[in-house]
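Only a predicted model underlies this, so the values are computations on that prediction, with no experimental measurement involved.
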Number of protein chains: 2
Amino acid sequence: MSHSPNAEALTQRLADSGLRATPQREVVYDVLLQKRDHPTADEVFARVKSEMPTISLATVYNCLETLVQCDLVRAVNFERGPTRYCPNLRPHAHFHDEKTGRTYDIELPPAILQTVNTVLPSGFDASSVEITFRGQASAKVANRE
Amino acid sequence: MSHSPNAEALTQRLADSGLRATPQREVVYDVLLQKRDHPTADEVFARVKSEMPTISLATVYNCLETLVQCDLVRAVNFERGPTRYCPNLRPHAHFHDEKTGRTYDIELPPAILQTVNTVLPSGFDASSVEITFRGQASAKVANRE
DNA sequence: AGTACGAATTAGAATAATTCTAAGAAGCCA
DNA sequence: TGGCTTCTTAGAATTATTCTAATTCGTACT
Ligand SMILES: [Mn+2]
Ligand SMILES: [Mn+2]
Ligand SMILES: [Zn+2]
Ligand SMILES: [Zn+2]
């Protein structure tokens, strides 16, 4: 059938949480995988509408939250800007380009994460760490996309 | 005369930016220094009102923004919660306790910051890094305050 | 196939934090 | 003191997100 290649993994993860793989959830997830530029909910909405013109913004928010809950997508925040969504599940930091507003994934070797955790005094038990860079990316990097 | 001990540094920093040291700015800054628990604007407003009952919330927001601009205070965000304010100017990470909602400062040795910066591929020029832990702090830590 | 019933979607209202607007008060200096 | 600029203030506006309540959908019996 006309399943996208990722529908299977999605269906599985949703089922694990007792949820259904609906067309809306599939198209939202596909959109995130197709252009991994950390879009906002509004941007996802715009992209999804071209494939499914009847979808509502509320549903996009619902689907995104569901995907985050199932650990298929990460929600990413910079200051008080709108939440952005990232389907990269590997441990990674984010680099926010102040000039362009673009967001880049920065892979994080496990050794670095371990090192970072050494700063925690005893009594602090961290379940997650988030590392965010802010600065400027060169044109070369921007074109690499 | 009845200057708080920090009024001097504040006045200097403000003057450096061509701004005045007003009573509102002084009391907002004092409140931040007196209880370094990363209060929100609303919390700052409540604390300031007891000293200066006529101050407005808009002014608290204005003062906080001014202090951030002058690099006397850091704005700290967790997910989409209200912005919190921190007068600790040393390089530090934040630990957000998921159970209590409390925020702790985690000192960051310069060596760690350098190590973290090594994850950036060439072409990425970071002007700042932010490290945020999420997890649980022990009762011992909570009492240490 | 038809019915029941929880899950999911939808449009629009509501909310929360923050920013904006416009008017007045205060500070500074000639 | 007058003139100019900065600062404060109340309230309106904005923005992103969540909530509400009504439909629609999907699945599981019968
Ligand atoms: Mn930006
Ligand atoms: Mn929390
Ligand atoms: Zn990412
Ligand atoms: Zn802090």
Side-chain angles (χ1 to χ4, degrees), chain A residues 1 3 7 10-11 13-29 31 38-46 48-49 51-70 72-85 101 103, chain B residues 1 3 7 10-11 13-29 31 38-46 48-49 51-70 72-85 101 103:
Chain A
M1 312 64 210
H3 276 334
L10 172 66
T11 303
R13 279 297 187 93
L14 288 168
D16 291 350
S17 305
L19 302 170
R20 297 186 196 147
T22 65
Q24 287 88 348
R25 285 169 180 168
E26 287 182 9
V27 69
V28 165
Y29 187 46
V31 151
H38 302 81
T40 63
D42 266 332
E43 287 164 349
V44 171
F45 182 46
V48 160
K49 266 202 290 203
E51 274 190 71
M52 184 183 277
T54 59
I55 198 169
S56 74
L57 179 57
T59 298
V60 169
Y61 271 105
N62 291 340
C63 291
L64 289 169
E65 198 197 323
T66 298
L67 295 174
V68 169
Q69 240 64 57
C70 297
L72 282 162
V73 168
R74 263 176 71 179
V76 179
N77 290 281
F78 299 114
E79 266 111 61
R80 296 205 59 76
T83 299
R84 299 176 168 277
Y85 297 89
T103 300
Chain B
M1 312 76 200
H3 277 335
L10 172 66
T11 303
R13 281 296 188 95
L14 288 169
D16 291 350
S17 305
L19 301 170
R20 296 188 196 144
T22 65
Q24 288 86 350
R25 285 170 180 167
E26 287 182 9
V27 68
V28 165
Y29 187 47
V31 151
H38 302 82
T40 63
D42 266 331
E43 287 164 349
V44 171
F45 182 46
V48 161
K49 267 203 291 202
E51 273 191 72
M52 185 183 276
T54 58
I55 198 170
S56 74
L57 179 57
T59 297
V60 169
Y61 271 105
N62 291 340
C63 291
L64 289 169
E65 198 197 324
T66 298
L67 295 173
V68 168
Q69 240 66 56
C70 296
L72 282 162
V73 168
R74 263 176 71 179
V76 179
N77 290 280
F78 300 114
E79 266 111 59
R80 295 205 59 76
T83 299
R84 299 177 167 276
Y85 296 87
T103 299

Would you kindly give the [atom1]-to-[atom2] distance between [X] and [N], to the nearest whole Å?
| X | N | atom1 | atom2 | value |
| --- | --- | --- | --- | --- |
| A/Leu10 | C/dA8 | CG | C1' | 14 Å |
| B/Lys49 | D/dT8 | NZ | P | 17 Å |
| A/Gln24 | D/dT23 | CD | P | 19 Å |
| B/Arg25 | D/dC7 | CZ | C1' | 7 Å |
| A/Glu79 | C/dT18 | CD | P | 13 Å |
| A/Glu26 | D/dC25 | CD | P | 16 Å |
| B/Leu64 | D/dT8 | CG | P | 12 Å |
| A/Gln69 | C/dA8 | CD | C1' | 15 Å |

A/Thr59: partners by side-chain hydrogen bond (donor to acceptor under 3.5 Å, both in side chains), with sequence neighbours left out:
A/Ser56
Sorted by chain and number, sequence neighbours left out, side-chain hydrogen bond (donor to acceptor under 3.5 Å, both in side chains) with B/Arg74 holds for B/His92
Grab the two heavy atoms, one from [X] and one from [Y], that are nearest each other, plus how far apart they are.
| X | Y | value |
| --- | --- | --- |
| A/Leu57 | A/Ala41 | CD1-O, 4.4 Å |
| B/Leu14 | B/Ala21 | CD1-CA, 3.6 Å |
| B/Glu43 | B/Pro39 | OE1-CA, 3.1 Å |
| B/Arg25 | B/Arg20 | NH1-O, 2.7 Å |
| A/Asn77 | B/Glu79 | ND2-CA, 3.7 Å |

Heavy atoms only, 4.0 Å cut-off, all strands: where does A/Thr22 land among base, sugar-phosphate and nothing?
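Since only primed, P, OP1 and OP2 atoms lie under 4.0 Å of A/Thr22, the category is sugar-phosphate.
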Non-neighbouring partners of B/Phe78 that pass ring pair (Phe, Tyr, Trp, His ring centres under 6.0 Å), sequence neighbours left out:
B/His96
Which pairs, protein N/O on one side and nucleotides 12-19 of chain D N/O on the other, fall under 3.5 Å?
residue, atom, partner, partner atom, Å
D/dT17, OP1, A/Thr83, N, 2.8
D/dT17, OP1, A/Thr83, OG1, 2.9
D/dT17, OP2, A/Tyr61, OH, 2.5
D/dT17, O5', A/Tyr61, OH, 3.4

Write down the protein N/O and nucleotide N/O pairs, taken from nucleotides 23-30 of chain C, whose separation is under 3.5 Å; answer none if there are no such pairs.
residue, atom, partner, partner atom, Å
C/dG27, O4', B/Arg20, NH1, 3.4

Residues forming a side chain to side chain contact (heavy atoms under 4.5 Å, CB included) with B/Ala75, sequence neighbours excluded:
B/Val68, B/Thr83, B/Tyr85
Is there a side-chain polar atom (N or O) of B/Thr59 under 4.0 Å from OP1 or OP2 of D/dT8?
no
